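See below for the structure under consideration.
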There are 2 protein chains.
Amino acid sequence: MKKISRRTIPRTLLYLRTLESLIKEGRYTVSSGELARITGLTDVQIRKDISNFGRVGTPRIGYKTRELKNILKDYVLPENIIRMVLFGAGSLGTAILKYPGFRKQRLKISAAFDKDKRKTGKTINGVKVYPVERAPEVIRKSRVDIGIIAVPSEHGQEVADLMVGSGLKGIVNFAPVSLNLPENVSARDIDLSIEFLALYCDTRM
Amino acid sequence: MKKISRRTIPRTLLYLRTLESLIKEGRYTVSSGELARITGLTDVQIRKDISNFGRVGTPRIGYKTRELKNILKDYVLPENIIRMVLFGAGSLGTAILKYPGFRKQRLKISAAFDKDKRKTGKTINGVKVYPVERAPEVIRKSRVDIGIIAVPSEHGQEVADLMVGSGLKGIVNFAPVSLNLPENVSARDIDLSIEFLALYCDTRM
DNA sequence: TACTGTGAAACGGTTCACAGCC
DNA sequence: GGCTGTGAACCGTTTCACAGTA
């Protein structure tokens, strides 16, 4: 398996999303030019990205939607379901629990945790909310891959420590705080204020 | 005003967030090395970024936290409040309306819109929910800068068209669909499935 | 002809190595 | 000595230009 450059991965996931919608529309083939028009990327970039996965297109015709989808899936999605746990069942946490479209992508939230006793014990969209103390036990029992932090920023680091201690190797952090993590744990920070402010700067240029 | 490279902007916003927390702790100075340790970036990168804004540090001491904060703010934040509107008062929209920490960053959601009559008329966290039809009028009246899409993906494009028609120049899109937008409108797409899947790929490398 | 695939050039951004300074 | 500031080297990524092909 060839080495795929860091930034082609999210783009490939975007192609996958686009292909799924084209297939639903009944399309059999699509060209790099059309994918470019839809996604806002360039046709060359799309061809370069796809060429990582082999020679799969046909000159004069383009790519077969189903075939390309399957090939991209092989490279970029796992065989099995990706299991996640969520910390913080406030309004953001609840929105994530109710987010539609995870199942289709082989993503599943196995459990949620909260320290507020009024929230624990409930089930939100089929996911049970446990007290935080039970996190290590539940995480280990259910082979979780990724943890999501949706707690107030004061508690971000302690939750991260709990996750690392329970063996999680990937963290998506919605708390506006920088986490101190060991080298071997990957993280993705989503700070809504920063997203909005950065976009605003873009509009001024 | 010197030209600032595209990727230093979100980092600068991150420095700002970090400085604010250091100032709250009572810190007067901080070195690039310490900022690096906190944020997970490198010290050189931080110095390079800051050097865009002038010679502001002191050898042997570092940066004065308050002074640096004010300088960064001048370059990267506007004088006035940034006004936003939200489309879609479902669970994700509600979570955004309740998100704490916008005010501190001069961000404000002026109004929300939904097509579901059961949701319109309500006030969520002080923000009124209007029927979508009233969007152009409300947007124009209140000098809005940014629009947020938190509707189901089927309605993403129509909402985007409505925003563009009302004169918005920046869109943050949480719907997992590619928007067709004119050149002069900036957009930032946040597809939660893609974020989680891309992180998962990171953990496998 | 209208597409894919790709080596090579160009670009942008990060890192290096070190000068300058208190 | 321990910090900042920065030109130059380096590196990954994107774009260009064009060869290949049904």
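Quick caveat: nothing in here was measured; it's all calculated off a predicted structure. Each chain gets a letter, A, B and so on, in the order its sequence line appears, and its residues count up from 1.
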* **Any donor-acceptor pair under 3.5 Å from B:Arg103 side chain to B:Lys108 backbone** =>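 Such a contact is absent between B:Arg103 side chain and B:Lys108 backbone.
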
What residues, two or more places apart in sequence or in another chain, satisfy ring pair (Phe, Tyr, Trp, His ring centres under 6.0 Å) together with [X]?
X        : result
A:Phe102 : A:Tyr99, B:Phe196
A:Tyr200 : none
A:Phe87  : A:Phe113

* By salt bridge (Lys or Arg N to Asp or Glu O under 4.0 Å) - contacts of B:Lys115 (at least two apart) ->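 Listed in chain order: B:Glu158.
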
* salt bridge (Lys or Arg N to Asp or Glu O under 4.0 Å) involving A:Lys141 - partner list, sequence neighbours excluded ->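 Salt bridge (Lys or Arg N to Asp or Glu O under 4.0 Å) check on A:Lys141 returns A:Glu137.
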
* Residues touching DNA chain D, which here means a heavy atom under 4.0 Å, drawn from residues 38-61 of chain A ->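 The stretch gives A:Thr42, A:Val44, A:Gln45, A:Lys48, A:Pro59 as the residues lying under 4.0 Å from the strand, ordered by number.
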
* To do: Mind running a 4.0 Å heavy-atom check of residues 12-36 of chain B against DNA chain D and sending the residues that fall below it, in number order?
  =>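 Output list: B:Ser31, B:Ser32.
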
* To do: Taking heavy atoms of chain A and a 4.0 Å limit, find me the 5'-most and 3'-most nucleotide of DNA chain D within that range.
  =>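 On DNA chain D, the outermost contacted nucleotides are D:dT13 to D:dT21.
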
List for me each residue that meets side chain to side chain donor-acceptor pair (under 3.5 Å) alongside [X], sequence neighbours excluded, and say none if there are none.
X        : result
A:Asn125 : none
A:Asp116 : A:Arg118
B:Arg143 : none

* Between atom CD1 in B:Ile4 and atom P in C:dG12, what is the gap in whole Å? ->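 Computing the B:Ile4:CD1 to C:dG12:P distance gives 16 Å.
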
* Selection residues 183-205 of chain B - residue pairs positive for salt bridge (charged side-chain N to carboxylate O under 4.0 Å, His left out), sequence neighbours left out ->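 Residue pairs with at least one partner in residues 183-205 of chain B: A:Arg6-B:Asp202, A:Arg17-B:Asp191, A:Arg188-B:Glu195, A:Glu195-B:Arg188.
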
